[in-house]
> 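For reference, the structure I am asking about is given below.
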Amino acid sequence: MKRLRINSDSPVKSHLIPKAFYLAACVYLGCTVSVEANAANNKKLPAEQVEFFEKEIRPVLVKRCYACHGAKKQEASLRLDSHAWMMKGSDTGAAVVPGDPLKSRIIQVIQYHDDDSQMPPSGKMPPQEIAALTRWVKMGTPWPYSENDAKAVPTNGAYDYETLSRSHWAFQPITKPAIPPIKDQQRTVSPVDHFVIAKLEEKGLSLSPAVDKRKLIRRASIDLTGLPPTYEEVEAFANNTDPQAYEKLVDRLLASPAYGERWGRHWLDVARYADTKGYVFTSERRYPYSYTYRDYVIRAFNEDLPFNQFILEQLAADQLDRKGDDRSLAALGFLTVGRRYRGNIHDITDDRIDLVSRGLLGLTASCARCHDHKFDPVPTKDYYSLYSVFVSSYEPEEKDLPLIGKPKSDKAYEKYQEERAKRQQKVDDYIHAEADKFRANARLTVGEVLQAVAEKQNLAQGDEKPQYAKEAPHRRYVDLWRAFLARSMKTQRSVFAPWSEFAGLKKQKGDFARQASELIQKLAKQEAETDPNKRINRLVIHALKNNPPESMYDVCRVYGDVFKEVEQAWLKAVADAAKAKKPAPEKLDDPAAEELRQILYHPETPTASSDAEVQNMFNRAQRNRIRQLEKELATLDVTSPGAPPRAMVMLDKDKPVTSFVHLRGNPGRRGDKVPRQFFRILAGEDRQPFQQGSGRLELAKSIASRDNPLTARVFVNRVWMHHFGEGLVRTPSDFGVRSDPPSHPELLDYLASRFMDEGWSVKSLHKLIMLSATYKQGAQENPEAILVDSDNRLLWKHVPRRLGFEAMRDSILFVSGQLSDDREGRGFVIDKMPTDPRRTVYSFIDRNNLPNVFRTFDFANVESSTAERPYTTVPQQALFAMNSPLLLEQSALLVKDLDLEKITADKGMEEAITRLYQRVLARKPEKEEIELGKQFLQHHRDQIKSPARMSGWEKYAQVLCTSNEFMFVD
């Protein structure tokens, strides 16, 4: 019996920098550390460390440190603009101890302890910056710089685009290289083999012998569908003598719906797919319709949607001819299912730029948010060109997202509509009630808002300030009154002519009270005028006479008192009519009062603002209440089975945005204005700005173009990586100048050119790779080959791989007979028991709280685009195999599905063991395995199944389901 193997690596001890006790020793050690650290940092760093430094560390150093510790100024002789200077330290010793934040002086001083120095002196850094610097020191202070990098970005900041486009392999046009001649013609069954064998022959190596057919069908099945073959399928394939049998097998697997579920999951890693938004304050944190993007991706792979069309739809489906089928609108989830960064539009947009640049192009453009890219030809202006594209689009509210289908149940849909209407009514009723309160109060406090207008327009003389009962009116409400007064001077002259006259006194130097008295006498003469263009409202002029103003604010208060008296008179008249059970009055009896009342209730007056207008002026408590009510709406959309599927789209704004460069990434510091356009290194010097709306469609076309040297290469490399465990380029999301060059550059270009020639068909690409002898070779060790190519970069063998979590869980469900054919729809909770039998790709992914089982088995990082998953072997994985409710549950269901107790009683234990092997491992057991199985079952014969104990057969089934043969693919 083969047992589950657990690899255990011995822990690596961190190297601590010794502490110097004497000045000479300190100097000596400081120089030594500097040299060693620089040597380490001159090595090529992993792409994720480069990205972390450029996005999280360099901007902090520039913003917080360089003013006092840069090239021009070095307080305490400390300089932090290069790794060498930083390691040299200051007058008092080393500034950083790589790997040990607690002993690093930089980390100590930014903590702001009361008994220590505090840096920067202007104020303590935000917690996220302190955490980033601490993490960086703990990582060993990786600082991505080498002498060769200077060639990419000269010291004057100018990029040599022409030289880079010629010298760097990834920026050169894709060509279709000639198939190289080789000596070993017998092994070649595909053009792929010529390129691989040619490299092997240069080193005196050859392909390994072909893998056994039983292993080949398992390899192909897991690769394409994530599910193992059945025993019957294995035997039929192994005994099939048809020369086309393997090709037909690949065609059958590609036609299976399980193919899209397997390969759609690979793409969802790139798309940083999750079902939650991250931290979003009090709002509903779950996306109601994220699943529609996941279902779109799976469908796209199953339908073999050309990859260039796949790109167009994910970036600009709203601008394409959908021919009456709006399901493709869900593709825009590629942009919209990312983290929400507490609503910070700059961070959200940066995430989208990073997704598009790394996910589709293999360029780390996000580094250029704060400064010109230090290594790749992506200047800050190019970054903000893409920034303009995305901020020229907007996302509709969730209730306005377009429908792309119907719920499965009409009854559930009707119930959903009824409940949603009730919850929406609660939102509307609250807004209307609060708006009514605002309008009622506004009619009684006109004087206060007029004071705010006078203050904003600087109409008052002297140092007098407005007087408010509680707080100043909302600035938006003040602006509404300013606009209203400006347009009412003619239409409402009899009421507001005095206001205009008093406002003009500011321009005349002198005593306001004396000037006001003269003005009132002048205006009083117009009270009896019959000409509406000359008449002054009687109540207004009488109030001014009875309360002579001594300032402009007094004038405002007089107006407020007049409007308040009119409003109170109207409210009394309405109340009296209601009390007497008479119809409500239509107007006030006094014409002068009615003239003022008409202003208060006119739709164009701010005191009669609409609900929507008033909502913009709500206070925090009111906004929080609305968010709570809207969260109930969103929760219904998330949970109701009757909620129809909607697409998480982006739409173009009416007026596109042409952004400015944000200097050092700070939106408050504007640099040059930049047009919306594509990267110059890819579009050429004569590139033209985008002209169609936001430019998303033009951007998508530029990315999906045959002339783009990156797109096809990047995707082909991803496909190769998932078939072989490692890409031809080891950095699948970084094809920049610091990336590893491809192991087989001609093969990469051949695959990319064939991929485009064959209509960007992903399924054709699979066949081209999988039909090759390179793919079909075995995993045998070759001591000679190991000496020449220990890490198998020349592909002289196939490397066994452990099942990823999705394939592992799905395979267990498959062999237990429980795997459901139910597809699409909202995700299920992965760690809830009994487990949902759907495939793992349909599980709910919580960005804030990723289930432990995902973390244990190296799930993708959903915070950003994942190029490739990590590969770890940790004790938790073995503990999961031994103790997880999933394994215990499925082992019991497997035994029940096969009815092993009955088979044992009817046909004997050997037959039952054989059936179990055929179901789990798709083969018959060897004689030795049968004997071991009998011994195991005999040992556990007295163990009867109970809630706290598994039966012997269930334990035996669990052992097979956790064996290396089941968990690994040869």
> Would you say the ring centers of Tyr279 and Phe281 fall short of 6.0 Å from each other?
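Between Tyr279 and Phe281, the centre distance is under 6.0 Å.
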> Hey, are Thr336 and Glu395 close enough side-chain-wise for a donor-acceptor pair under 3.5 Å?
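Side chains of Glu395 and Thr336: no pair found under 3.5 Å.
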> When you compare the side chains of Glu594 and Gln598, does any donor N or O come within less than 3.5 Å of an acceptor on the partner?
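Side chains of Glu594 and Gln598: pair found under 3.5 Å.
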> Less than 3.5 Å apart, any donor N or O on the side chain of Glu595 or Ser494 sitting next to an acceptor on the other?
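On atom types as modelled, these side chains qualify, holding a pair under 3.5 Å.
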> Ignoring hydrogens and geometry beyond distance, is a side-chain donor-acceptor pair present between Tyr553 and Glu455 at under 3.5 Å?
no
> Quiz question: by atom type and distance under 3.5 Å, do the side chains of Ser328 and Glu313 form a donor-acceptor pair?
no
> Output the distance between atom CG (Leu386) and atom CG (Asp382), rounded to the nearest 0.5 Å.
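Spacing of CG (Leu386) from CG (Asp382) equals 8.0 Å.
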> Charged N to carboxylate O under 4.0 angstrom, Asp479 versus Lys456?
yes
> Answer yes if the ring centres of Trp481 and Phe484 are under 6.0 angstrom apart, and no otherwise.
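Close enough - the centres of the two rings lie under 6.0 Å apart.
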> Strictly by modelled atom types, are Tyr387 and His346 linked by a side-chain donor-acceptor pair under 3.5 Å?
yes
> Does a side-chain N-to-carboxylate-O contact under 4.0 Å join Asp576 and Lys582?
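The answer is no: the pair does not qualify as a salt bridge.
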> Is it true that Asp318 and Arg696 make a salt bridge, defined as a side-chain N closer than 4.0 Å to a carboxylate O?
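Yes, charged N to carboxylate O under 4.0 Å.
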> Hey, would you say the His474 and Phe618 ring centroids sit under 6.0 Å apart?
no
> Could Lys522 and Glu518 be called an ion pair, given the rule that one side-chain N must be under 4.0 Å from one carboxylate O?
no
> Is it the case that Tyr384 and Asp672 place a side-chain donor and acceptor less than 3.5 Å from each other?
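No, because no side-chain N or O of Tyr384 sits under 3.5 Å from a partner of the opposite role on Asp672.
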> How many angstroms lie between atom CZ of Arg597 and atom CG of Asp590, to the nearest 0.5 angstrom?
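CG of Asp590 is found 12.5 Å from CZ of Arg597.
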> Report yes or no: do Arg646 and Thr292 form a side-chain donor-acceptor pair below 3.5 Å?
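Their side chains do not contain a donor-acceptor pair, so the 3.5 Å distance test is not met.
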> Working note: Arg557 + Asp554, criterion salt bridge (charged side-chain N to carboxylate O under 4.0 Å, His left out); need CA distance, chi angles, decisive distance, verdict.
CA-CA 5 Å; Arg557 286 186 278 270; Asp554 285 344; 2.8 Å; yes
> Whether the Gln628 and Arg625 side chains hold a donor-acceptor pair (N or O, under 3.5 Å, no angle test) is what I'd like checked.
yes
> Can you tell me if Asp652 and Ser694 form a side-chain donor-acceptor pair at under 3.5 Å?
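Asp652 vs Ser694: donor-acceptor pair found between side chains.
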> Are Arg327 and Asp325 ion-paired here, with the side-chain N under 4.0 Å from a carboxylate O?
yes
> Going by an N to O cut-off under 4.0 Å, is there a salt bridge joining Lys437 and Glu434?
yes
> Here's one to test your reading of the geometry: is the NZ or CZ of Arg439 within 45 degrees of the ring axis of Tyr601 and under 6.0 Å from its centre?
no
> Which value, rounded to the nearest 0.5 Å, describes the distance between Lys406 atom NZ and Tyr413 atom OH?
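Here the rounded value is 9.0 Å.
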> Check the side chains of Asp428 and His432 for a donor-acceptor pair under 3.5 angstrom, ignoring hydrogens and angles.
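Looking only at side-chain atoms, Asp428 and His432 do not form any donor-acceptor pair under 3.5 Å.
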